[in-house]
Participant: 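Before I ask anything, here is the structure I am working with.
Atoms within a ligand are numbered from 1 in the order they appear, just like the ligands themselves.
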Amino acid sequence: MLNKTRIAVMVSGGGTNLQAIIDAQKNGIIKSGEIVLVVSNKKDAFALERAKNNGIKSYLMTSEEDLIATLKDERIDLVVLAGFLKILGSDFIKAFENRIINIHPSLIPSFCGKGAYGLHVHEKALEYGVKVTGATVHFVNEIPDGGRIIAQKAVEIHEGDTPETLQKRVMEQAEWILLPQAVEDISLKIAKGEL
Ligand code: GAR
C-alpha cells in the first residue's frame, strides 16, 4: 500500500471547495491523499467551521515564514488553494515547487491574473459577453494564475445571468467536480513518486 499524500487546503472564505474535497475524501473519490490541515488567512472564514465540524486541524496564517515552517512540521506534500484569495510570495512558492495547485473560476487564460478573484471573475466574463466560461485547476508559480494547467471544464452562460447565478453554476457544474478529481490525480502521482 502506498503512503497517502499529506494535503493542506488553504482557504479565505466560505469554503465550498474545501467541503467538496472533504466530501470526496469521505465517498472515496479521493483515496490517495488525506487532508491533514486547513489553513486560513482570515480568522472568521466559515471554512474554518467546516474543518472543525470534520475533525480537521486548522491553522490561522500570520506570516509566510511561519506558514512554511508549519507545513514542513506537518510534512505536507500537497498544498491546495481552494478559494485562497491572497497572492503567495516567492519564498513560499519555491518551498513547495510543483506541489501547490489552485482552482480558478474561469477558463484560463481568460479573466485571470491579479485582481481576478471570486465574484469579480464572473463580473468580467459577463461584461465581456462570452457565452462559455468554466473553471481551471492549475499549478501555482510566481505568475498569478500562470502555472501549468491540470484540468478545465466549460460551463454555459445563460441569458439574464448575474455574477451570483453564474458563480453558482460554475461551482456546481465545474469547480466541485474538477478540484476533488485533480486532488486525487495529483495525490496519486505524489504517492507513486511520479511528481
Ligand atoms: C471559488 O469560486 C474559487 O474558484 C475562487 O473563489 C471562490 C471561493 O469559494 N477562487 C479564486 O477566484 C482564485 N483566484 P469557496 O470559499 O466557497 O470555495
Participant: Any nitrogen or oxygen of Q167 lying under 3.5 Å from a nitrogen or oxygen in ligand 1? Just yes or no.
Facilitator: no
Participant: Would you say CD of E97 has more than 12 non-hydrogen atoms from neighbouring residues, nucleotides or ligands within 6.0 angstrom?
Facilitator: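 No, CD of E97 has 12 or fewer neighbouring heavy atoms, counting only those of other groups under 6.0 Å.
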Participant: With distance as the sole test, does D23 use its side chain to make a donor-acceptor pair with the main-chain N or O of A20 at under 3.5 Å?
Facilitator: no
Participant: Please say whether more than 12 non-hydrogen atoms of neighbouring residues, nucleotides or ligands are located less than 6.0 Å from CG in N27.
Facilitator: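 Yes, because the 6.0 Å sphere around CG of N27 holds more than 12 heavy atoms from other groups.
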Participant: For ligand 1, which atoms have a heavy atom of T16 less than 4.0 angstrom away?
Facilitator: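 It comes down to these atoms of ligand 1: 15 (P), 16 (O), 17 (O), 18 (O).
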Participant: Out of curiosity, is L18 lining ligand 1, as in a heavy atom under 4.0 Å away?
Facilitator: no
Participant: Looking at F111, I'd like to know if its CZ atom is crowded, meaning that more than 12 non-hydrogen atoms belonging to other residues, nucleotides or ligands lie closer than 6.0 Å.
Facilitator: yes
Participant: Tell me, which protein residue and heavy-atom name are nearest atom 14 (N) of ligand 1, and how many Å apart are they?
Facilitator: H104 ND1, 3.2 Å
Participant: With atom 13 (C) of ligand 1 as the reference point, say which of V121, I103, V170, I87 has the nearest heavy atom.
Facilitator: I103
Participant: Show me which atoms of ligand 1 lie under 4.0 Å from any heavy atom of G118.
Facilitator: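 Numbered from 1, ligand 1 contributes 11 (C), 12 (O).
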Participant: Among all protein non-hydrogen atoms, which one is nearest to atom 3 (C) of ligand 1, and what is the separation to 0.1 Å?
Facilitator: E175 OE1, 3.3 Å
Participant: To check you understand the geometry: which heavy-atom pair defines the closest contact between K42 and L60, and what is its length?
Facilitator: C-CD1, 3.6 Å
Participant: Nearest non-hydrogen contact with atom 16 (O) of ligand 1 belongs to which option: G13, P144, S12, G15?
Facilitator: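 That would be G15.
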Participant: For ligand 1, find out whether one of its N or O atoms is nearer than 3.5 Å to an N or O atom of N17.
Facilitator: yes
Participant: Regarding atom 11 (C) of ligand 1: of the candidates A45, A82, P105, which has the closest heavy atom?
Facilitator: P105
Participant: Please check if I103 and F84 belong to a single hydrophobic cluster, counting links between Ile, Leu, Val, Met, Phe, Trp and Tyr side chain heavy atoms closer than 4.5 Å.
Facilitator: no
Participant: Considering distance alone, does some N or O of Y117 sit under 3.5 Å from an N or O of ligand 1?
Facilitator: no
Participant: Where the side chain of N53 meets the backbone of G55, is there a donor-acceptor pair that is under 3.5 Å apart?
Facilitator: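 Flag not set: sc N53 to bb G55 has no pair under 3.5 Å.
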Participant: Atoms of ligand 1 less than 4.0 Å from G83 heavy atoms?
Facilitator: 6 (O), 8 (C)
Participant: Counting from 1, what ligand 1 atoms have a heavy atom of M171 closer than 4.0 Å?
Facilitator: 1 (C), 2 (O), 9 (O), 17 (O)
Participant: Apply side chain to side chain contact (heavy atoms under 4.5 Å, CB included) to residues V39 and L71 and explain how you reach the verdict.
Facilitator: CA-CA 9 Å; V39 176; L71 297 187; 4.2 Å; yes
Participant: At under 4.0 Å between heavy atoms, is it the side chain or the backbone of L85 that contacts ligand 1, or both, or neither?
Facilitator: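 Near ligand 1, L85 shows its side chain, while the N, CA, C and O stay back.
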Participant: Would A47 count as a contact residue for ligand 1, given that I'm defining contact as a non-hydrogen atom of the residue lying under 4.0 Å from a ligand atom?
Facilitator: no
Participant: Would you call L78 and S187 a side-chain contact if the rule is heavy atoms closer than 4.5 Å?
Facilitator: yes
Participant: Does D66 reach the main-chain N or O of T62 with its side chain, forming a donor-acceptor pair under 3.5 Å?
Facilitator: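 Here the side-chain-to-backbone pair does not exist.
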Participant: In this structure, does ligand 1 have an atom that sits under 4.0 Å from one of the heavy atoms of A116?
Facilitator: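 For ligand 1, residue contact (heavy atoms, under 4.0 Å) with A116 is present.
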